[in-house]
Number of protein chains: 4
Amino acid sequence: MNGKSMPLTESNPPLTEAAAKQENSMPKKTAILHSAQEVFGQHGYSTTTMKMVAEKAGVAFGLVAHYYGNKESLFITAGFSMIDDLLATLSHKTRKARSGLDGVRLFVESYLTFTQEHRRTFPVLIRCSPFSDVELPAERERIAEKFLEIIHALQAFVRRGQQDGSINPELPEAETAFLIYSNIVGAVRTTMITPYNVPGLYAETVRYVVRSLSVAAESSIPPFLRPSSLVD
Amino acid sequence: MNGKSMPLTESNPPLTEAAAKQENSMPKKTAILHSAQEVFGQHGYSTTTMKMVAEKAGVAFGLVAHYYGNKESLFITAGFSMIDDLLATLSHKTRKARSGLDGVRLFVESYLTFTQEHRRTFPVLIRCSPFSDVELPAERERIAEKFLEIIHALQAFVRRGQQDGSINPELPEAETAFLIYSNIVGAVRTTMITPYNVPGLYAETVRYVVRSLSVAAESSIPPFLRPSSLVD
Amino acid sequence: MNGKSMPLTESNPPLTEAAAKQENSMPKKTAILHSAQEVFGQHGYSTTTMKMVAEKAGVAFGLVAHYYGNKESLFITAGFSMIDDLLATLSHKTRKARSGLDGVRLFVESYLTFTQEHRRTFPVLIRCSPFSDVELPAERERIAEKFLEIIHALQAFVRRGQQDGSINPELPEAETAFLIYSNIVGAVRTTMITPYNVPGLYAETVRYVVRSLSVAAESSIPPFLRPSSLVD
Amino acid sequence: MNGKSMPLTESNPPLTEAAAKQENSMPKKTAILHSAQEVFGQHGYSTTTMKMVAEKAGVAFGLVAHYYGNKESLFITAGFSMIDDLLATLSHKTRKARSGLDGVRLFVESYLTFTQEHRRTFPVLIRCSPFSDVELPAERERIAEKFLEIIHALQAFVRRGQQDGSINPELPEAETAFLIYSNIVGAVRTTMITPYNVPGLYAETVRYVVRSLSVAAESSIPPFLRPSSLVD
DNA sequence: TATGAATGAGCGTTCATTCAT
DNA sequence: TATGAATGAACGCTCATTCAT
């Protein structure tokens with residue numbers, strides 16, 4: 001036996017993605033959830049079919065129902081599991097914040113980094129979000145409630161920053177948290193689901209947010225720019 | 001005029017919405033487009049059916065196809081028509097801007113006001129947006145291109161502000177335009193499609209944006225908060 | 001011209017049943033209902049598929065849903081339409097009853113005759129009956145209520161017979177009506193859906209019922225056979 | 001025996017029905033058959049699932065197939081086992097009949113009593129009957145043959161009654177047996193599966209049958225009521 | 001004996017689309 | 001211009017059955 005022409009392992013060259021998942025001996029149940037995150041993320045709820053998920057996972061489509069009941073429940077499970085992963089990461093990455101503003105900064109940075117490290121699966125969160133199309137009216141409230149966990153975490157840092165002097169004390173807590181979150185979501189969506197290419201967007205998002213919260217920002221604004229008659 | 005055969009009041013009390021549209025003698029073609037905007041806005045692309053649109057417009061469903069060909073084309077037409085209306089309004093409302101920053105402010109305010117004045121139909125734009133679910137991969141590029149008109153209008157004010165000294169000259173033009181737009185979109189979505197109730201959000205959005213663009217904002221940020229290793 | 005070998009009409013020899021229905025220029029909506037009665041009657045609710053109904057009617061299966069909504073509603077419509085036909089016939093055939101007992105006799109005879117004259121479609125009533133499998137729990141009450149029309153018609157003749165002296169006055173009205181109906185149903189089911197062959201059953205059913213209602217019947221029964229401890 | 005480690009009471013308060021079956025140390029194989037009778041009886045063949053049977057029996061659903069092969073065979077086994085129980089009871093309860101008519105009476109009474117004493121499981125016989133929906137065309141003949149055992153037992157008493165003078169000698173044996181059975185089946189179905197409430201039905205059924213078989217019944221019927229042109 | 005993971009045929013249903021009128 | 005009958009691809013889902021453990 002010589003090593004020249006014999007493959008060392010009988011590696012199966014055109015390994016499909018589905019086969020790959022089985023190859024890693026990822027349990028089928030896990031493979032299905034993972035595939036669901038990818039496919040829902042890529043196509044959204046309606047356009048995704050159970051067959052697509054099953055095929056990507058390399059299993060019979062009946063198995064998807066076996067483990068996750070139905071499409072709606074699979075979608076919610078896929079989305080919520082992603083939220084839980086994200087929250088765990090955010091909580092870990094922001095635990096050493098030196099101030100409220102620093103916490104906000106770490107929060108935004110970690111969030112954006114998390115999306116980069118979960119390129120394939122993160123978009124499921126964009127679909128399973130109260131800011132997205134309401135294709136599951138029945139689950140609207142549950143999703144919204146779950147998402148509040150993210151926004152409240154952000155709001156807590158705003159409050160802390162207003163107490164420790166790192167954030168402009170005049171800002172309304174809740175509104176500010178929503179606006180920061182808007183910037184995060186906007187940056188992520190622009191990068192992940194639009195065809196636009198805005199290379200510096202993630203880095204600039206952090207600066208944009210920090211500037212708006214900083215204590216000096218307001219002082220330089222000419223008076224006529226301040227009032228607004230807008231009412232929701 | 002005699003009272004003989006005239007009904008005293010021609011009030012038709014239980015007038016359905018569909019009937020109302022015909023009543024105003026709105027041409028059927030227009031009624032269909034208007035209904036399409038409402039229904040697509042409320043339910044999204046996939047969930048909307050041609051029958052829903054026809055019923056809301058009070059016409060036979062065959063007529064929808066007769067005028068607009070197919071669902072996809074109806075959707076695009078409904079969305080683009082909304083964009084065009086929006087752009088016209090924005091262009092008109094911002095023509096008296098005193099400076100770049102003032103232009104940004106007017107832009108944001110007018111945008112938000114526009115959504116309030118088109119509560120029923122505006123959501124079609126949320127669905128027909130490159131930042132939303134890509135349920136029509138074939139039209140993704142066209143939609144994205146159309147939307148750039150909005151973002152470029154915003155970017156033009158940023159540039160002008162950096163030239164006239166009303167906006168921090170160090171900000172990257174494109175990224176900043178996208179971030180401002182994030183705040184607009186976030187505020188609108190929060191108000192129109194989430195179950196959250198954040199009463200001061202629209203007014204605060206204007207201030208949040210203006211603060212971040214103002215020339216003094218950056219100076220108050222401690223150095224360690226500035227750098228960011230984030231790369232898209 | 002001679003009639004010997006030329007077909008008078010270009011009759012299409014292997015005419016399928018479906019084609020035949022179209023041939024008679026029976027409207028498609030009617031053809032579907034008729035086919036539904038046949039197929040539901042032959043196979044029961046669960047075993048029948050929409051495809052079977054559509055094929056027998058010679059139409060695309062989508063048209064079934066177009067006209068009748070869904071399987072359940074098609075089933076109910078098919079069954080109730082048969083009940084209505086039956087009731088109309090019974091009411092017509094019994095209008096000349098000379099007495100209550102004669103009315104019962106005419107009722108039973110007409111009922112049995114009706115089943116013979118609707119051999120293909122009548123069995124739908126056997127399936128869509130409160131005495132049959134409850135495969136549509138949701139419709140159980142409605143079906144039961146509809147069927148009472150039949151039983152009440154019978155009961156009215158029993159009452160009349162007790163008043164005019166043709167029927168044993170000691171019989172309990174309601175129970176007797178149910179028992180007569182049992183004999184009808186039993187005879188029809190035996191003939192139409194079991195493999196048994198009991199040639200004289202229909203004729204004997206009439207006699208069996210009439211004997212049990214007659215005024216002399218009870219007198220000949222030895223006392224020890226009368227009491228019964230049965231309680232429902 | 002010491003009390004140290006023994007729980008004072010091994011009471012397991014919220015015992016589910018499934019758990020109860022295991023508790024009685026009913027062998028699992030028996031528990032499955034019993035559950036099958038209940039579930040098939042309640043829901044019919046098509047609507048019943050193997051999982052429902054397994055759950056009610058408190059066993060893994062694989063075990064059902066392990067013992068009974070497939071759904072069809074489980075159904076037949078469940079139904080035939082009920083027929084065998086019924087026949088044994090009838091044969092025992094009618095063995096002291098004083099005459100043919102008395103035998104018929106005992107037969108009907110015992111049959112009705114049996115259904116009352118097997119409220120939960122008897123309905124399986126209603127489903128697995130040639131007079132019911134033919135959802136198992138393949139087994140139609142076998143079921144019909146098995147059921148003949150019941151009808152023939154009845155017919156034997158009719159014959160005996162005609163010989164011993166307790167039953168009208170002019171009645172056709174087979175038809176009469178079928179008609180008596182119609183009354184039994186009708187009473188049972190009315191009570192067990194319809195929503196009707198007819199309290200005296202069981203007791204009246206016995207009298208209704210006996211009257212119709214009695215020797216005096218026919219004499220009181222006016223001639224014009226006798227003939228019938230009905231042919232099956 | 002006992003389990004439940006895994007499969008896929010077949011179901012009811014939805015709905016965009018076409019077309020004769 | 002306006003209608004709605006008619007079609008059938010494609011969907012989510014159920015569930016009997018098989019089989020490795």
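Not measured: the values here are computed from a predicted model. All chains are named by letter (A, B, ...) in the order of the sequence lines, taking the proteins before the strands, and each is independently numbered beginning at 1.
- Searching all strands for a Watson-Crick or G-U wobble partner of E/dA6 with both distances below 3.5 Å returns F/dT17.
- Side chain of C/Ala60, nearest nucleotide from F/dT7, E/dT17, F/dT3: F/dT7.
- One interatomic measurement links the two molecules: CD1 of A/Ile32 to C1' of E/dA5, which rounds to 10 Å at whole-angstrom precision.
- Considering all non-hydrogen atoms of both residues, B/Tyr67 and B/Lys29 come closest at CD2-CD, 3.6 Å.
- Both D/Asn70 and A/Thr49 sit near DNA chain F, but only A/Thr49 has its closest nucleotide nearer the 5' end.
- In this structure, OG on A/Ser46 lies 5.5 Å from NZ on A/Lys71, to the nearest 0.5 angstrom.
- Side-chain N or O atoms of A/Arg120 include none that pairs as donor or acceptor with a backbone N or O of A/Gln37 at under 3.5 Å.
- Counting to the nearest Å, the C1' atom of E/dG8 and the NZ atom of A/Lys28 are 13 Å from each other.
- The interatomic distance linking C/His66 (NE2) with F/dT7 (C1') rounds to 11 Å, in whole Å.
- Partner C/Phe75 forms a ring-ring contact (aromatic ring centres under 6.0 Å, His included) with one of C/Phe80, C/Phe40, C/Tyr68 and no other, that one being C/Phe40.
- Residues B/Gly62 and D/Gly62 each lie close to DNA chain E; by heavy-atom proximity, the contact nearer the 5' end of the strand is made by D/Gly62.
- When heavy atoms are screened at a 4.0 angstrom cut-off, D/Thr48 is found touching the sugar-phosphate backbone but no base atom.
- Each of A/Lys29 and B/Glu72 lies near DNA chain E, and the nucleotide nearest A/Lys29 is the one positioned closer to the 5' end.
- Across the protein-nucleic acid pair, B/Glu55 atom CD and E/dT14 atom P stand 14 Å apart, rounded to whole Å.
- One can place CG of D/Leu63 at 16 Å from P of E/dA5, the figure rounded to the nearest angstrom.
- The partner of E/dT14 is F/dA9, by the rule that a Watson-Crick or G-U pair needs both atom distances under 3.5 Å.
- Contacts of A/Tyr68 with the nucleic acid, taken as non-hydrogen atoms under 4.0 Å apart, are absent.
- Look at CE on A/Met52: it is 14 Å from P on F/dA10, rounded to the nearest Å.
- Rounded to a whole Å, the CZ atom of C/Phe61 is 15 Å from the P atom of E/dG10.
- In this structure, the CE atom of B/Met50 is 14 Å from the P atom of F/dT3, given to the nearest Å.
- OP1 or OP2 of F/dA2 sits under 4.0 Å from a side-chain N or O of B/Tyr67.
- Contact between D/Ile32 and D/Val53 at its shortest, heavy atoms only, is O-CG1, 3.8 Å.
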